[in-house]
Amino acid sequence: MQSYPVAHIDLTALQHNFACVKQFAADSRVMAVVKANGYGHGIVEVARALSSSDAFCVARLAEALQLREAAIQQPIVILEGVNTAGDLQLAADNELSVVFTTLLQVELAVSTSLTKALMFCWIMVETGMHRLGIPAEKLEQAIQNLNRTDNISGSIGLMSHFANADLLGDKRNQQQLDRIMHCAKHYDLAVSMANSAAILSLPDSHADWVRPGIMLYGCSPFETQSAHSLNLKPVMKLTSTLIAIQNLQAGDEVGYGGDWIADHAMRIGIVSIGYGDGYNRQLSNSGLVVIADNVVAVLGRVSMDMIAIDLSHVLGAKVGDEVILWGCEQLAIDSIAKQANTISYELLSQINERVSREYHHGED
Ligand SMILES: *Cc1c(COP(=O)(O)O)cnc(C)c1O
């Protein structure tokens, strides 16, 4: 009996979602965002399956190097940029693209002597999020400095990031867009602004390059619209196995702290998955799983390796049965994210290396 958690990754669904990006943003080039281990799906396998993506985005240098080691050829953009001369040289050696997110990073690029020039660089412009970005009034100086150094060959683009693209109709989105477009026009540079939510809802923001993340993995960036209604297909189905059955009497407590107490005689099941696999502990007493086509509740606290589930209405359940944690018709990850008071991004990227990933194409 196989009794460990498996993330089943449907690469055909991933490619379908990529095609949706191309439909929405037909005139833009695409940098598929594969940071955080491809949102938990496996960075290398995701990048290989998205071979028609024009480029990839990662957060950090180490992620970019992982892709180069796997012989991924496309441009790879490091969204947080790099902060030491050594890392800048590594980026240049591996033909990686950096985003200059602060004036300090610009100074580093100007003052370091690289043995090879950087290509396809970006400047992150501050337009309203106040996370990373160079303010518009410092842009002139940054662009001049970067144009002057021999460390950069090829063009530089302007990038920014929406803080509220998931809020449909929020006027701050238009403000951020106006700011970046104003800069792009003034300096006549390429623009990248749109994440998934903006690709789906702000066509004016598509510009030269779009940066889809969550929609590639088949999740909705909006609280009020399901992935299904956006024609996105779930990529990850997370499963594990029923490893024990307990018959409880009224008053029996379940799990750490006795946080759940049976009020009548009933059957519960123990499933081999827990927070040690990255299954969110906020799903204690609130999660749902599917067993034999029934949606049933998680009972008590999530342990490191196990959860307990309600089998009262699943009479035929037996040890060895498959349990689906998310990613099937009855249980979209977005609804589990709501149960956990979080977003699909967190649930997906938390799934760690203890969970084996199995790749397939479509229904096989
Ligand atoms: C993560 C990230 C994205 C992708 O966002 P989604 O909401 O997952 O589409 C795009 N741009 C930047 C700068 C990011 O950090």
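Counting convention: from 1, in listed order, for ligands and their atoms alike. Computed over heavy atoms, backbone and side chain alike; hydrogens, waters and symmetry mates excluded.
When heavy-atom distances to ligand 1 are checked against 4.0 Å, the residues falling inside are Val33, Lys35, Tyr39, Leu79, Arg131, His161, Asn195, Ser196, Arg211, Pro212, Gly213, Ile214, Tyr345, ordered by chain and number.
Between the side chains of Ser303 and Asp305, no donor-acceptor pair is found at a separation under 3.5 Å. There is a side-chain donor-acceptor pair under 3.5 Å between Arg211 and Ser192. Side-chain contact, Thr241 with Ser3: no donor N or O sits under 3.5 Å from an acceptor N or O.
Within a 6.0 Å sphere centred on CG of Asp150, other residues, nucleotides and ligands contribute 12 heavy atoms or fewer. No more than 12 heavy atoms of other residues, nucleotides or ligands lie within 6.0 Å of OH in Tyr256, so this atom counts as exposed by the packing criterion. Remark: Arg267 CZ is packed, more than 12 non-hydrogen atoms of other residues, nucleotides or ligands lying under 6.0 Å away.
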